[in-house]
Structures are given as C-alpha cells and as structure tokens.
Protein chains: 2
Amino acid sequence: MIQPRPRTIPEATVARLAVYLRVLSSLADGGRGTVSSGELAAAAGVNPAGLRKDLSHLGPCGVRGVGYEVGTLRDRIAGVLGVERSRACVLVGIGNLGSALADYAGFGSRGFEFVGLFDVAVARIGQRIGGHTVHPLDELEQVVGAAGATIGVITTPADVAQSVCDRMAAAGVRSILNFAPVTLTAPAGVDVRKVDLSVELQVLAFLGQQRLVGEPA
Amino acid sequence: MIQPRPRTIPEATVARLAVYLRVLSSLADGGRGTVSSGELAAAAGVNPAGLRKDLSHLGPCGVRGVGYEVGTLRDRIAGVLGVERSRACVLVGIGNLGSALADYAGFGSRGFEFVGLFDVAVARIGQRIGGHTVHPLDELEQVVGAAGATIGVITTPADVAQSVCDRMAAAGVRSILNFAPVTLTAPAGVDVRKVDLSVELQVLAFLGQQRLVGEPA
DNA sequence: GCGACTTTGTTCCTGCGTTCACAAGCGGTT
DNA sequence: AACCGCTTGTGAACGCAGGAACAAAGTCGC
C-alpha cells in the first residue's frame, strides 16, 4: 500500500495552492480547457517555475507540450486541500469583522461551514448573519461538542481573546484563526494562526517609505 | 554625515517590530520600566535570539546585564516604523470588512489617518463610520490629490478591485493593501500587498488535517 | 575596588524557499 | 514514420530567514 502523499507540503506552497484553486475555478467557469504554467503563474502573480514546483507536490498532473487541464487540476487541488469535505467552524466576536467573515460566501464554497456564531452582547444575540443566528457565548462548548467543530475563529477585542482561546481549546477545537491583536498561547496539539490587519498596513507603509529613501528616483 | 539607517530592514523583521511595539506599549501602560529579551520574546511569541537580532537592525538600544528600557525602545521602534508621522489613507468598499477597518481605533494610534471612505452604493454614502463620512467613489481622485494620500485600502468585491486599483495608482497612491480575492496588477512604483482571509483559513485547516495524518497519536 | 552574574549583540551554521536552467516527453506536421 | 516546437518536471545554485552558541559589557554584591 503506497501512500498517495508521501511527504508534507510546505506551508508557503499550500497558501499558493489556494490561490491557484481560485484562478482555476474562474477559468473553468469561463469555459477554458487547458492552461500553461506561464499563464496560470501570471494570473496568480508568481513565478512559473515556482508554480510548477508547487504542483509537483501533487504528483504529475500536467501534459508536456500542452499544459494543465483546467477542470482536472482544479479537482486535484481541491482534493488535496480537502475542500470537498465540510469542516465545522465556530466564530466568536460578532463585530464588524466577525460579521464580514460570517457573511462571506467564499467560505462555504471552500468547505467551511459556520455551525455557530457567538457574542456576549445581548444586542447581538439573535441577529441573523449569512444565514446563521448569533448565540450567547455560554453555548460555545455545547455547540463545539455537538457539531464536532475543529476550527475556531476569534474576532473579539484583545482583552478577551485569550479566554476565548482557552475555552475553544478545552472544548475540542484544534485550529484557531486569531484576528485579535494579541499573541495567544494554546496547549500542545492546538495551533494558532494570527492575522494582524494593522501589522499588514504598517509593513506596507514602511516598505513604501523605505523605497523612497533607497530609490529617490 | 553618517546615515542613521545604513541598510534595509528585512520585511519579516518589520512585521515583528510592529508586534514588539504593541507589546511594549502595553508594558509601558502597565508602568513597567525595563524588559529582558526573553520576556519580550515570550510575550510576542518569538525566539529570544531572533528578537535581539531584529532589534540589532536599529543599532544598540539595550543595556547589557539589564535589558531594554521600555519607553525608550518603544519610541525607537515607533520612530523607525514612522508611527509619529501621520499618513493619509483612503479606503474603498464600505461593506462589513471596510467598516471594520474604518472603525478600528488601532490605526489612528499608529499614524494612519483615513482621509476618505468611498463606496458606490447610494445607501452607504453619507454614513458616518469611525468619525468619517462615506463619499461617492467619483470623488476618489480629488480627495487623493487634495490630501496627498499615498496609501489605499481595497475592500470591494473582486470584480471591481482591479479598476479601483488602477484609479488609485493613477491618482497618486503608492501603496495598496488589497483584501479582495484577486491578484491585482499595478504599474511600477506602486506596490500591492494582499491579504486573503479565506486563504488563511484554508492553510490553517490543511495544516490541521496534515498534522492528524502525520501524527496519529 | 574587584569579582561574578546577567543580559545584550554578534557570528556561525543549518535548513528552507526561490529562482534559474536543462533534460524528458507529448502533440502536430510533413 | 520521423522531425520539430512547445511545455512540463526536476536537479542545482543562490539568497534568506531562523536558531544556537559565544564574546563583550555593564551591574550588583562583597
């Protein structure tokens, strides 16, 4: 019995595969049959050689002299990323950002299903966002257990993010995406990924000012 | 005349400096006088040696045997990142995500000032968010020119993001932060930074499932 | 005043990601 | 059937980030 995926796929490659998947879906909708690595790389904003190397992690999936078959490659990447399987997610903190995520249709088509939206503000509870209802935070553990949710998203203010993280981990969540501007600590076996919007903006601004100093042209 | 910043600072270091700045601000508010690299690294979630290497890009700014003086280091990092100077930003696309960004108080304290919020929906125009008023998109070029905005944020749907990007670049914006799920192309001299929320979630989910396969324990 | 401890700043090294360049393979054409 | 052009897949080199270990330096205690 050979194992179909012998080695681990680098994290940077996984991130790009998700981008390729989006481009391929768009091409497939446009009725495109095949694409070359050069064209696909241009659409994704990466180097053609790097794209081929990324795809090589999935095994040979192109035809030399022709290119990649759009539909086949899309399904291949979707299978590797696990898009077809539905993943139960919970989201805590229904502010503007949390509402944006809950309402974003792109998650549903990628295999993510929000099985619970939570907040502490009574004004928020009962609101319907993206087809789901906001529940009081007290019900977090019950919903996580009942739905078998393994993914949690935190969009709360910074001061309560750690306590939410602890509760999620204790309830059985294994992967946490944190938008709160704090560094969370989680027990072993639970990995946390942080997205800091203000850091992104600050890096962008710094690179811009650094470019001005380096190249006064 | 020696140049105060002889070399360029790596991008990864810049991102971490922003995190250190936040931690240091929090420590300063708590009345803390000095910190060691180990403690600061733990709070930021990085390796102590890496933190010292990051800080070495600013020149010597600690005292051996003691640690770093909290207030001094905070001001030093703030100066390098250019926090004290106010940067004019424009934001196009006042949906949930755009509202979240416009309303986020963390930007103002980091030197970013939104001088214009724009949308095409007449229902949005005139709304006040985070102390600013939403304007029709037609006024984008005028506001960018008048305020000298060099930073633009795109939180529009994917299909109009490229046209907004083009208009921003033509109007004088030099740095663009793109939240729309498309790869934008901009003229030389304008750099685009992309944040894709669904990609982040997909990477997280994949790492979780890969971990289960690799370590069945 | 001197020694020892603590902590920074630096240097080396290992591993990873990215890029370039080439061989292998397939389709179309004559 | 053989040749030619095109594209994939892979191997090698380069550059960079991350981690560990060590020397320099300053402070505290005696």
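Each chain gets a letter, A, B and so on, in the order its sequence line appears, and its residues count up from 1. From a predicted model like this one, the values you see are computed outputs, not experimental measurements. No hydrogens, no waters, no symmetry mates; every other heavy atom, side chains included, goes into these values.
Although no hydrogens or angles enter the test, the distance criterion places a donor-acceptor pair under 3.5 Å between the side chain of A/Asp119 and the main chain of A/Ile94. Under a 3.5 Å cut-off, the side chain of A/Gln202 and the backbone N or O of B/Leu81 do not form any donor-acceptor pair. Remark: side-chain polar atoms of A/Arg110 are not paired, donor with acceptor, to backbone N or O of A/Phe112 under 3.5 angstrom. A donor-acceptor pair under 3.5 Å is absent between the side-chain atoms of B/Asn96 and the main chain of B/Ala100, judged by distance alone. Checked by atom type and distance alone, the side chain of A/Arg76 never pairs as donor or acceptor with a backbone atom of A/Cys61 at under 3.5 Å.
Atom CG of A/Leu51 is separated from atom P of C/dT19 by 12 Å (rounded to the nearest Å). Atom OH of A/Tyr68 is separated from atom P of C/dG27 by 15 Å (rounded to the nearest Å). Rounding to whole angstrom units, CD of residue A/Glu11 and C1' of C/dG15 are separated by 15 Å. In this structure, A/Arg52 places its CZ atom 15 Å from P of C/dA23, rounding to the nearest Å. Between A/Asp54 atom CG and C/dT18 atom P there is a gap of 7 Å when expressed in whole angstrom units.
Note on B/Glu113 versus B/Arg87: no salt bridge recorded, every NZ/NE/NH1/NH2 to OD/OE distance being 4.0 Å or above. Salt bridge B/Arg16/B/Glu11: absent, no basic N to carboxylate O contact under 4.0 Å.
Residue B/Gly50 is classed as having no contact, given no heavy-atom separation below 4.0 Å to the nucleic acid.
Of the candidates C/dA24, C/dT18, C/dG9, C/dG9 carries the atom nearest the B/Arg64 side chain, counting heavy atoms from C-beta on. Counting only heavy atoms from C-beta on, B/Ser37 has its side chain closest to C/dT8 among C/dT8, C/dC20, C/dT18. Out of C/dT11, C/dG27, C/dT18, the shortest distance to the side chain of B/Lys53 is found at C/dT11.
With DNA chain C read from its 5' end, the first of the two nearest nucleotides for A/Val46 and B/Ser56 is the one closest to B/Ser56. With the nearest nucleotide of DNA chain C identified for both A/Val63 and A/Ala49, A/Ala49 has the one nearer the 5' end.
In 5' to 3' order, the nucleotides of DNA chain D bounding all contacts with chain B (an atom under 4.0 Å from a heavy atom) are D/dA17 to D/dT27.
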